[in-house]
Amino acid sequence: MLVTSKEMVYHARAGKYAIGCFNTSDLEITKAIIAAAEAQKAPVIISTSPKAIEYAGHEVLAGIIKEEATKSKVPVALHLDHGLTLALVEDCLKLGYTSIMFDGSGSDLEHNEILTRQAVEMAHAKKVPCEGELGFLGKAGQNPSKLTNPDDVIGFVQKTGVDFLAVSIGSEHGHGENEALDIKLLKKINSQTGIPLVLHGASGVPDKDIKEAIKLGIAKVNIDTDIRHTFVRGLRDFLDKNPKEKDPREILTKVMNEIQKYVEGRIKLFGSNNRV
Ligand SMILES: [Zn+2]
């Protein structure tokens, strides 16, 4: 069923596990994520970035996810990843998204707070939760991250009313090399607020750090890069071994199986299996 992300993420926060938030840009990845969640009896968030929305077309992508979510046996939320404008937030809410992230982290703190507050008000008017980002998540090997300042946390949460808070604690977008998390910093942030914290750029973070972070308030873990890598690796392996295969449906079914296996492994690591 299609649900908002609020209840599942708050349950995870209380139970010290995390909900997997997996990015999709097409039918195949969407089906694979939901199949994995069903196999593991896990609530799940399916996430669309502005780039994915641009690639597939917003109505088409949202339509596929809503349709698959509605007939699914597990709770599924449809999430906007890194919404950079209020106009995009509005479009998503019109299309029936059940979870929003507004990312004002490119602005200074004051403007981030003002814009995020507006996004939260728009989302809450439709009873949809909204995530904000404090600090800045860079891209591996390109622009460096700015770690979250724990002293800004209480003010940001109170002024904006966000339901979940994305923090910058050492991970980066894109698959970096062995990105250790600043667990001390996470402890400080977690002592400032009771709201669920969100780990972005988790593809390059060692499993033991992810587990440790989940004990310290991380209740939603975003995975994008490794899903795309799994797709390409699966496609390449299959075509190398089966150069005569001509039917995309046969090829993509094998790719979907690989993605499903990967997602099931992440769900088990996050501890959100057997929660439905
Ligand atoms: Zn992110």
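Atoms within each ligand, like the ligands themselves, are counted from 1 in listed order. Just so it is clear, the values below take in all heavy atoms, side chains as well, and ignore hydrogens, waters and symmetry mates.
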* With Arg275 as the cation and Tyr17 as the aromatic partner, state whether NZ or CZ is under 6.0 Å from the six-membered ring centre and within 45° of the axis. => yes
* Structure fact -> Checked the Zn ion (ligand 1): protein N, O or S atoms closer than 2.8 Å come out as His82 NE2, His173 NE2, His200 ND1
* Asked: With Tyr97, which residues qualify under ring pair (Phe, Tyr, Trp, His ring centres under 6.0 Å), at least two apart?
  -> His58
* To do: Go through the structure and list residues passing ring pair (Phe, Tyr, Trp, His ring centres under 6.0 Å) with His79, not counting sequence neighbours.
  => none
* How are the rings of His173 and His82 set relative to one another: parallel (under 30°), tilted (30 to 60°) or perpendicular (over 60°)? -> perpendicular
* Carboxylate-amine/guanidinium proximity below 4.0 Å for Lys261 and Glu258 -> yes
* Selection residues 120-139 - residue pairs positive for salt bridge (charged side-chain N to carboxylate O under 4.0 Å, His left out), sequence neighbours left out -> Arg117-Glu121, Glu131-Lys220
